[in-house]
4 protein chains.
Amino acid sequence: MARPAVKKGRMEAAAIELFATQGLARTTVRDIAAAAGVGEGALYRHWAGKNEMASTLFRREVHAFVEALRPFLEDAGPPLARRVDAAVRFIYDFYEAQPTRLAFILFTQHGFPDQHVLDDALDPFTMLLAFCQREMRNGTIPPADAEVLASLVMGSVLQPLIMHRYGRVARPPAAIAADVAAGITALLLGGTAREVGA
Amino acid sequence: MARPAVKKGRMEAAAIELFATQGLARTTVRDIAAAAGVGEGALYRHWAGKNEMASTLFRREVHAFVEALRPFLEDAGPPLARRVDAAVRFIYDFYEAQPTRLAFILFTQHGFPDQHVLDDALDPFTMLLAFCQREMRNGTIPPADAEVLASLVMGSVLQPLIMHRYGRVARPPAAIAADVAAGITALLLGGTAREVGA
Amino acid sequence: MARPAVKKGRMEAAAIELFATQGLARTTVRDIAAAAGVGEGALYRHWAGKNEMASTLFRREVHAFVEALRPFLEDAGPPLARRVDAAVRFIYDFYEAQPTRLAFILFTQHGFPDQHVLDDALDPFTMLLAFCQREMRNGTIPPADAEVLASLVMGSVLQPLIMHRYGRVARPPAAIAADVAAGITALLLGGTAREVGA
Amino acid sequence: MARPAVKKGRMEAAAIELFATQGLARTTVRDIAAAAGVGEGALYRHWAGKNEMASTLFRREVHAFVEALRPFLEDAGPPLARRVDAAVRFIYDFYEAQPTRLAFILFTQHGFPDQHVLDDALDPFTMLLAFCQREMRNGTIPPADAEVLASLVMGSVLQPLIMHRYGRVARPPAAIAADVAAGITALLLGGTAREVGA
DNA sequence: CATGAATGAGCCTTCATTCAT
DNA sequence: GATGAATGAAGGCTCATTCAT
């Protein structure tokens, strides 16, 4: 192709920005086109429609994010705490560098018309689940319901970002990453062992 | 006296169900009316419009939930682990008893046109924050950034419910409550103390 | 009937006020009921519906007005100028005493769904036409196209009231009645005699 | 370039026709679209909504009419009677040529939600007022309350057209223009001088 | 009888999508 | 290829009217 699709990139950036900020339903095709400095019809040259564009972008962004995160979770070398810290730090730095890109990943899922936008293969939760199962097998963390544990970890990673975005956590993500990582490590180690009756 | 407003309750139930299931934007007034077995105009006798109905219901549900949860967080008697367990158990039982009611609380917030549907007074996060600060003052848990800690706890409570709703956590909420509570206790106790560099 | 229909009167007054002020289409049944301090259903006890109420009131008001005005136009005694003056003065005093009542008559006609709310018998224009024809027969005013002449007179009576209502004529109706009457007399006497080519 | 907005003109014509015939409130967007042979949404590409369309068209039509009429009222050359005759003739010819266009101007004003659709600059009454004041200064007509006189003239011009439209004046406007002009001249000359007490 | 809850047709408007230019 | 005028199916909402209480 002679000309690179420079407008496509502008539309993608504009769409991600708007989807992350206002949600899928409240972002119109005209909004996207205007923000990208492009005609309304241009969208249909690259995507089948607004929803298809959104889910394509969503899948792509999630995939890129998951792949970037994978090494942190699969590297078995350093001690657990250090690996968790590196992973959380990566995520929170990613957020600071491109807030709307991660916000798009965080906030958009609920809004899709069809339930299963992501196949399990590139789902962050799947990766997190595999991580937990592996660590249990390795004896790094005590045995537990991996699904529950992965959920706890996931919630612990995301919620501080969400609360920051809502202005309820004052310190910036990069500054709290270490705290969050420490908490998650405690979760993984002390985990779901039942000591309630103590 | 005129006819009693017998259909208001039916609309509330139908609306909560639909908002929780499909989100605000994708639930139409017609949907609500049909699900409630009511004419479309009936909504406007009791609320100013769809959005006002949603935020009124949302505030009411959150308020009821927060007030029901408060005793569990304010009671200072039993040891921490036991109190956390009771609180989580309450929440997860609540979910099993009325899934859509809690799902409505969980999923709806992002979708509101105006940012601040809740005043801080009846915000669950505010209550959780106060809980963390109190426990730190009492020396029950080690000092830490309370906002971050409250976020971690909140995420840990909610995410397992969310993943269950998405079918990614197999066991029912009531069955995993103890595990979740144990994890949160570990979080609170081992907390965000930095032992990463160890 | 035991109780006099006191509420009917309140509804009539409220309706006339609102119709005159906001027009037929923009006045709702609920507006009328609220202004009359009455339930919405009450209207249907006395009239078949909003439109029927409006046209009934309109006919009644026009009829009352026409009948009150009739003596001034049919009395053949005094000189023309004096009779015109008395008639205009009556109309303008009527307006000052009950502005909305006359405004209702003036402004409402265009808004009716069906063209012919009034039968010619109680139409003000019919009466004015008869007046002009009679005066011509009597030789009081020079012969002319009576329909045109009556239109000129009618416009000359109404427009100053309209412009006053729009705030474009500063002096109050009672104060300008004499001027208006003088103008109309000039119209009737000098009339439509063609002196253009002079 | 994109498709040229060929249907805008068709909508304008249809809207003016319908507004003039049935009034603002009783003309629906569907009516306009159907009469123009156009989809309903087309309206919103060119105007913000039905009301904005109506007031824009109204202003435009009034402006065009006022500007076309202005030379007749500002030319100070010929004797008054001749100038009045020319002006009335112009208006009545205008009506015969494009009845709905003038009817739109005549009938629509009352129906607007907001009071001041026109700024005084392009208001016909303002122009008429200036005309009367100028003639008084020039001594062409006797001194009088200009606001009242302008109202009388305005009513005398419009009412015959209104009555014709209602079928109460048989002869067509062009045929009665001379009579109307003669009446108005009498009004201006004999004016509002008080000779009532004679 | 009065009330006002309830109805539902119909209104204005939005917006994803198509397609003439 | 790109544009944006045009479409038309919904959507939220209004309001005259009905009728259970």
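Chain letters run A, B, ... following the sequence lines, proteins first and then strands; every chain starts at 1. Only a predicted model underlies this, so the values are computations on that prediction, with no experimental measurement involved.
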message: Just to verify, what does Arg101(D) make a side chain to side chain donor-acceptor pair (under 3.5 Å) with, not counting sequence neighbours?
response: Glu61(D), Gln98(D)
message: If I take atom CZ from residue Arg165(D) and atom OG1 from residue Thr100(D), how far apart are they, to the nearest 0.5 angstrom?
response: 7.0 Å
Between CD1 on residue Ile162(D) and CG on residue Leu106(D), distance to nearest 0.5 Å: 5.0 Å
Sub-4.0 Å heavy-atom contacts from residues 36-52 of chain D onto DNA chain E, ordered by number: Glu40(D), Tyr44(D), Gly49(D), Lys50(D)
Expected list for residues 27-37 of chain A: side-chain donor-acceptor pairs under 3.5 angstrom, two or more places apart:
{"from": "Thr27(A)", "atom 1": "OG1", "to": "Leu18(A)", "atom 2": "O", "distance (Å)": "3.3"}
{"from": "Thr27(A)", "atom 1": "OG1", "to": "Gly23(A)", "atom 2": "O", "distance (Å)": "2.8"}
{"from": "Thr28(A)", "atom 1": "OG1", "to": "Arg30(A)", "atom 2": "N", "distance (Å)": "3.4"}
{"from": "Thr28(A)", "atom 1": "OG1", "to": "Asp31(A)", "atom 2": "N", "distance (Å)": "2.9"}
{"from": "Thr28(A)", "atom 1": "OG1", "to": "Asp31(A)", "atom 2": "OD1", "distance (Å)": "3.3"}
{"from": "Thr28(A)", "atom 1": "OG1", "to": "Asp31(A)", "atom 2": "OD2", "distance (Å)": "3.3"}
{"from": "Arg30(A)", "atom 1": "NE", "to": "Glu40(A)", "atom 2": "OE2", "distance (Å)": "3.4"}
{"from": "Asp31(A)", "atom 1": "OD2", "to": "Thr28(A)", "atom 2": "N", "distance (Å)": "3.1"}

For atom CE of Met53(B) and atom C1' of dC13(F), their distance in whole Å: 14 Å
query: Side-chain N or O of Lys7(B) less than 4.0 angstrom from OP1 or OP2 on dT7(E)?
result: yes
- prompt: So Lys7(A) and Arg45(A), side-chain contact (heavy atoms from CB on, under 4.5 Å) or not? Walk me through it.
  reply: CA-CA 11 Å; Lys7(A) 294 191 174 180; Arg45(A) 184 149 310 278; over 6 Å; no
- prompt: When you look at Phe58(A) and Phe19(A), which way does the side-chain contact (heavy atoms from CB on, under 4.5 Å) test go after all the steps?
  reply: CA-CA 10 Å; Phe58(A) 185 68; Phe19(A) 289 152; over 6 Å; no
message: Please list all pairs meeting side-chain hydrogen bond (donor to acceptor under 3.5 Å, both in side chains) that have one or both residues in residues 49-60 of chain C, counting only residues at least two apart or in different chains.
response: Glu12(C)-Arg60(C), Glu52(C)-Thr56(C)
- prompt: Could you walk me through whether Lys8(A) and Trp47(A) pass the side-chain contact (heavy atoms from CB on, under 4.5 Å) check?
  reply: CA-CA 10 Å; Lys8(A) 187 181 179 186; Trp47(A) 297 276; 3.8 Å; yes
query: For Met11(A) and dA2(F), what is the distance between atoms CE and C1' respectively, to the nearest whole Å?
result: 11 Å
field: Euclidean distance, atom NZ of residue Lys8(B) to atom P of dG4(E) [Å, nearest integer]
entry: 16 Å
- request: Could you list by number each residue of residues 23-33 of chain A showing a heavy-atom separation from DNA chain E of less than 4.0 Å, or answer none if no residue does?
  value: Thr27(A), Thr28(A), Val29(A)
Under the 3.5 Å Watson-Crick or G-U criterion, the dot-bracket string of DNA chain F, with | for inter-strand pairs: .||||||||||||||||||||
- prompt: Roughly how far, to the nearest 0.5 Å, is the CD1 atom of Ile16(B) from the CD1 atom of Ile105(B)?
  reply: 8.5 Å
- request: Drop me the distance from Leu118(C)'s CG to His63(C)'s NE2, to the nearest 0.5 angstrom.
  value: 11.5 Å
